[in-house]
Amino acid sequence: MGGKKPVVMGRASRGLYHGKHIRFGNSRSHSERRHRRMWKPNVHRKVYRSHVLDADVSVRVTTHAMRCIDRAGGLDNYVLLTKKQKLTDGLAVELREEMEEAVRGDDKWMAVYGDAISGAIKMRDTATAATATAAAAAAAAAAAEQ
């Protein structure tokens with residue numbers, strides 16, 4: 001009864017592609033001759049800071065995914081607050097499982113992301129979550145200084 005499993009290209013399973021895949025079509029010259037070609041996603045290697053994992057995460061990421069991460073307020077918010085249907089890439093699923101495990105083990109992060117893990121927070125609430133994440137990080141830094 002479940003839906004079709006999404007097809008993920010090999011390279012997308014090793015990065016954050018946010019649904020972007022290789023596209024195929026025709027190039028057409030001025031004389032209308034056609035020849036087959038492909039358009040590959042615009043992929044970059046980037047290092048993001050994960051406050052939940054307390055580590056730097058190096059990932060291959062498309063420019064579309066970069067914009068989504070910026071809009072969400074960071075890698076933690078993007079991975080934890082984006083719907084599971086959108087995060088079909090292998091790396092995104094691994095990161096989500098790892099982050100959910102870290103959130104469940106820490107009361108500080110459970111206060112911020114507890115509702116997201118249970119599915120109560122939607123993507124539109126990321127601004128609130130981003131503010132809460134910044135406050136939690138500042139509280140952690142203040143606690144570390146003492």
Side-chain angles (χ1 to χ4, degrees), residues 1-28 35-146:
M1 174 137 204
K4 287 184 177 180
K5 185 176 180 182
V7 177
V8 178
M9 64 181 173
R11 67 172 64 199
S13 65
R14 296 184 298 272
L16 299 175
Y17 279 52
H18 200 82
K20 296 296 178 184
H21 296 288
I22 296 174
R23 310 242 358 221
F24 299 94
N26 294 314
S27 283
R28 301 200 56 147
H35 65 275
R36 295 295 287 173
R37 65 156 294 181
M38 70 172 97
W39 287 268
K40 294 183 179 177
N42 189 3
V43 181
H44 300 273
R45 180 163 290 286
K46 193 161 166 90
V47 177
Y48 285 102
R49 178 72 184 165
S50 171
H51 296 289
V52 172
L53 299 176
D54 196 28
D56 291 333
V57 181
S58 177
V59 293
R60 296 178 67 198
V61 60
T62 61
T63 52
H64 177 64
M66 280 186 206
R67 285 192 304 273
C68 292
I69 291 169
D70 289 342
R71 195 176 309 129
L75 182 67
D76 297 334
N77 289 343
Y78 170 73
V79 172
L80 290 171
L81 301 178
T82 302
K83 293 180 183 178
K84 290 185 180 181
Q85 293 85 1
K86 286 280 189 182
L87 295 178
T88 56
D89 309 327
L91 178 67
V93 172
E94 289 174 21
L95 275 174
R96 185 180 190 113
E97 290 171 358
E98 197 173 330
M99 285 184 184
E100 284 179 352
E101 187 177 317
V103 166
R104 284 190 187 99
D106 192 354
D107 292 335
K108 170 184 71 177
W109 294 115
M110 195 63 177
V112 177
Y113 291 112
D115 293 337
I117 292 174
S118 66
I121 292 181
K122 303 291 187 264
M123 190 64 180
R124 66 178 178 270
D125 297 332
T126 55
T128 306
T131 305
T133 303
E145 289 178 4
Q146 292 177 357

R23: partners by side chain to side chain donor-acceptor pair (under 3.5 Å), with sequence neighbours left out: none
For the student: nearest non-hydrogen atoms of G25 and W39, plus distance: N-CZ3, 3.5 Å
Within-4.5 Å side-chain heavy-atom neighbours: N26 and H35: no
Reported CE-to-CG distance for the pair M99 and L53, which is rounded to 0.5 angstrom: 4.5 Å
Whether D76 side chain and V52 backbone form a donor-acceptor pair below 3.5 Å: yes
Ring geometry between W109 and H51 (parallel below 30°, tilted from 30 to 60°, perpendicular above 60°): parallel
Close side-chain approach of T62 to N42, heavy-atom, < 4.5 Å: no
Side chain to side chain contact (heavy atoms under 4.5 Å, CB included) involving D56 - partner list, sequence neighbours excluded: V47, R49
Non-hydrogen side-chain atoms of Y78 and M66 separated by less than 4.5 Å: no
D70 CG to N77 CG distance, which is reported to the nearest 0.5 Å: 11.5 Å
Residues which pass salt bridge (charged side-chain N to carboxylate O under 4.0 Å, His left out) with R28, listed by chain and number, not counting sequence neighbours: E32
Residue pair L75 / L16, side-chain heavy-atom distance below 4.5 Å: yes
Nearest heavy atoms of V79 and A92, plus distance in Å: CG1-O, 4.2 Å
Side chain to side chain, I69 and K46, heavy atoms closer than 4.5 Å: no
Non-hydrogen atoms of A65 and Y17 that approach each other most closely: CB-C, 4.4 Å
Nearest non-hydrogen partners of R96 and K83, listed with the distance: NH1-C, 4.4 Å
